[in-house]
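Below: the structure, in structure tokens.
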Amino acid sequence: MSDVRHLIFSVPDDWSNDDKGDFYEEFIVEILKPMRLSSERRLRVTGMELDILAKGEDQPINILVECKAHRDAISADVITKLMGNVQIRKADRGWLFTTSDLTKDGRGLWQEIQNDPEHARKFTWYSPSKTIDVLISQRSIVHPVSLAGGLAGWDLGDWSLIVTPGKRSWLVELLEDGLPAKYCVFDARAGSPLGLRESQVVAEASARFSALQVIQAADVPNAKQLAPVVRAPVAKVISGDTWEDPRPARPIDFVGRDDVIKSISSFIGQVRQGETSTRSFAVQAPSGWGKSSLTLKLVQSAASGAIERCSVTAIDSRSANTAAFVAEALRLTLKEALGSVAGKKNSLKINSLREPLDSQDVKTALAQLKAESRVAVLLFDQFEELFAKEALFEVFNAVRDLSLDIDAAQAPLILGFAWKTDVSLPQQHPAYHLWHQLADRRRSFKVGEFKRGEIIRVVSKAEKAIGKTLSRVLRSRLAEQCQGLPWLLKKLLVHVLQRVSTPESQYLLLERELDIEQLFKEDLEQLQEEHIRCLRFVAAKAPITVAEVEESFSREATNLLINQHLLVRSGMNYVIYWDIFRDYLVDEKVPQIPWTRTFQRTPPVALKAVRALNDYGPLSAGGLGVHLELKEGPTFNLLGDLVALQLVDADGSGNYRVASHLGDISADTLASVVRRQLQRHVVARAIERAWGKEKVFPYDEWLSFFDRQQPRSAPLSQTTLRQYAGNLKSWLLFAGLVDISANGLARADGRGSQMGRTSNNRATFGFFFGTSSPKSLEGVLRLIFENSRLDRARLDGKGFRKAISDLLTLGIIEMDGNHICLERDWTSFEELLSNCKKIVRAQSTIKLAAKVLVEAGGDRLVAGDLLRKHLGASWKDSSAKRNVSGLARYIQWSALEKFQSEQRGEPESVPLF
């Protein structure tokens, strides 16, 4: 029989805090009366409020009595406050009554008081057990030893004195296999057993007792007369059997997270060496980021000695069904830490569900760990599942109480929690407050996205495990499409590796923009209707007991789902193998994953490909490359862009055709399709979120903006980063999602002036200012016309750099890799030159320059200043004059004045140039 006794106060829920305080203080006053002490309660004096001022009836003595009815341990501050009040009020004694233990600091201070004879005489702490001893000595209640005779054959746990309005009762926990399983209640004054219903009412003092079965000692005096309680096993976290198993990864397959493991290992070392008072930690990450796999890796690291002098027990929280779950998980953790073997079921007893650390075996185990400078970690995986059902809230309360008790005891025991950060808990949810109450008592370790190196290691392990090899390009595409999300990488890898051995080529897999929703649908397509209904049933109610599921569905159905790893048994509960898949079953929605694609080509060459496929398709990649004068590799990159933008379809045989949903291939139609796709791109979302509708974003800041928003851009060289940023900007302009102004880019929300324009003119180079001479521009234009395709570097070397820039801005030529070609074919150079002049006349800067030159009377300096103000530019005077002069040359070259006069039917004005 345990000699540990607890004190519990229970009052109606609708009582106010003052009512509760009055009840506890009246209880203390009743204890003081037999001591010949009269009491004054809630006494207000200068600068303080006293709970009770007790005065001796037979001798002149004043005692300040502090009453603390708290579940949490009492800190040293309460003791120092009492000592200060006693000194200030010149009282003879100071007594502290509590319903809970002291914290480690509180116990340290109390020990110092006991070591000082004067203080020891003056101050007394009435702990719960000391208070109970006083009540027994005053014969206010019977000693529980006198009641044990009526429970012959039972393994008795702790006794709790439960004080309720008008009643004092003894509740004893009865053990089976070393854990509380039942309870029995007696009248603490008379010593008689209470009836079942009355016992249950008394047990409502703590929701923890609801996990136990009530018995009436008068009816069942012998334990052998009752069948033992069937207790759901506490399930440990289990890994998958193979690499592709959707369950948590085996430690041998685990990759990365080195920084998190190192940080947790360091924290455990600090606890073991007494360098921190914190005794809990949380591993935090969204769904599917590998928290469960990480817990198994921590278990293995501790077992191998990589985490020194430590054992880690990882428990699946989804196996919980009553508050007894926590005590059983604690016992399992301590037995594993001490190296217990399976045949010693009762080698470690826990005598109380409410106060497991008070059990003698637990104290002995913790003392042994401390003596050996070791530490045990109890890690609750899937911890947020305890909030899924109201019936499990008390399990969380039990974890909370255990955490507080471990903190107070500063035991060599750590609680860990794998916590899903994307769980949605409204602030009114009880669990919201309970979880955040513990925030300042734990360390938090955040699991981030996979880095590129970790992604490559995962792919390599998968290839080795399955015996297949992926192409370098497909590896790179997987790294891009998974976006650093572990769950998505594994899902995509399983999908790809199952198909690379079929006639379907790796290139066909490469070009697909893999759809996670489609992958989930494929999981369900192999099932019959009953199996799908069973999955949805479990998903809606998980965690749900095995018995509840098998009342509605056959054992054959559940076995098939278990064998396919879609359904998992955790203790006596069924759960879905993956919470992301569970959410899909319930809501038919998949996580919103921002698109992070980096585009290999710009709209001009991409739309050339669309036109070629429309005219000559279907074509293979090689066939299309011939039409575009591209090698096969770049052509596949280009096709990847087009398939991703849903402009092109692959027919499964290695050929490509214009997407079947396109009614036509006009620029406006294609731009609309591209816009719908790009609206989900991570950079487009950032523009919508961060750019005001009237704000202009400077051109020279675009690269850094792209770099900040585009995940995993850090490993890219500046050249590659600039190329990707420029390509995306071109597509955003083509889609009308951004627009251009004199000073930069602006958010356009699908209405940009460049929408549908197939040239990459102002997408890259801004406004036309005529930086080259018309003669130079004509010269390079003729060279390109006569040669079709020229090397850019060669032309730049001949002094044509500015002319090329002007032609690109006008959209008359375009870049194809490192080469320059005309934006379209022309029958003659004269036709090309005439069209070029027409385009120049249409430029807004040309029209504006003509206007300000007239207003300035031909004065270039004044005209430059007017142009600068109209465009909102910040040019110096010399730059403004240079820009207006360059535009003036092209006004004259393009015969703008003559054209405008003819349009108005007027004689040509006197030229100002």
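The number of heavy atoms from other shown groups lying within 6.0 Å of CD (Glu308) does not exceed 12. Heavy atoms of other residues, nucleotides or ligands lying less than 6.0 angstrom from CD1 of Ile252 number 12 at most.
Using modelled atom types and a 3.5 Å distance limit, the side chains of Asp381 and Thr295 yield no donor-acceptor pair. Checking Glu394 against Asn397 by side-chain atom types alone, a donor-acceptor pair falls below 3.5 Å. For the residue pair Thr278 / Arg443, no side-chain donor-acceptor distance below 3.5 Å is found, with atom types taken as modelled. Between the side chains of Ser352 and Glu173, at least one donor N or O sits under 3.5 Å from an acceptor N or O.
Rounding to the nearest 0.5 Å places CD1 of Ile350 at 8.5 Å from CG of Leu357. In this structure, CG in Leu402 is found 5.5 Å from CG in Leu330, a value given to the nearest 0.5 Å. Between atom NZ of residue Lys297 and atom CZ of residue Arg257 there is a gap of 13.0 Å, rounded to the nearest 0.5 Å. A distance of 10.5 Å separates OG in Ser266 from CD1 in Ile307, rounded to the nearest 0.5 Å. Gln270 contributes atom CD, which lies 11.0 Å from atom CZ of Arg272 (distance to the nearest 0.5 angstrom). Annotation: the span from Leu353 atom CG to Thr322 atom OG1 amounts to 7.5 Å, rounded to 0.5 Å.
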Exercise. Please walk me through it: do Gln216 and Leu196 pass side chain to side chain contact (heavy atoms under 4.5 Å, CB included)?
Worked result: CA-CA 6 Å; Gln216 188 173 357; Leu196 291 180; 3.8 Å; yes

Exercise. Can you list the steps and then say if Asp158 with Arg354 is a salt bridge (charged side-chain N to carboxylate O under 4.0 Å, His left out)?
Worked result: CA-CA 10 Å; Asp158 289 358; Arg354 291 188 77 253; over 6 Å; no

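Taking the salt bridge (Lys or Arg N to Asp or Glu O under 4.0 Å) definition, one finds that Asp187 meets it with nothing, sequence neighbours left out. Asp77 pairs by the salt bridge (Lys or Arg N to Asp or Glu O under 4.0 Å) definition with nothing, not counting sequence neighbours.
The side-chain heavy atoms of Arg569 and Val546, taken from C-beta on, include a pair separated by under 4.5 Å. Thr313 has its side chain out of reach of Lys335: every pair of non-hydrogen atoms, C-beta onward, lies at least 4.5 Å apart. Counting only heavy atoms from C-beta outward, the side chains of Phe186 and Leu194 never approach each other to under 4.5 Å. In this structure the side chain of Thr164 never reaches within 4.5 angstrom of the side chain of Val202, judged on heavy atoms. Between Leu415 and Phe383 the shortest side-chain heavy-atom distance does not fall below 4.5 Å.
The two residues Ser100 and Trp125 come nearest to each other via the heavy atoms O-CZ2, 4.1 Å.
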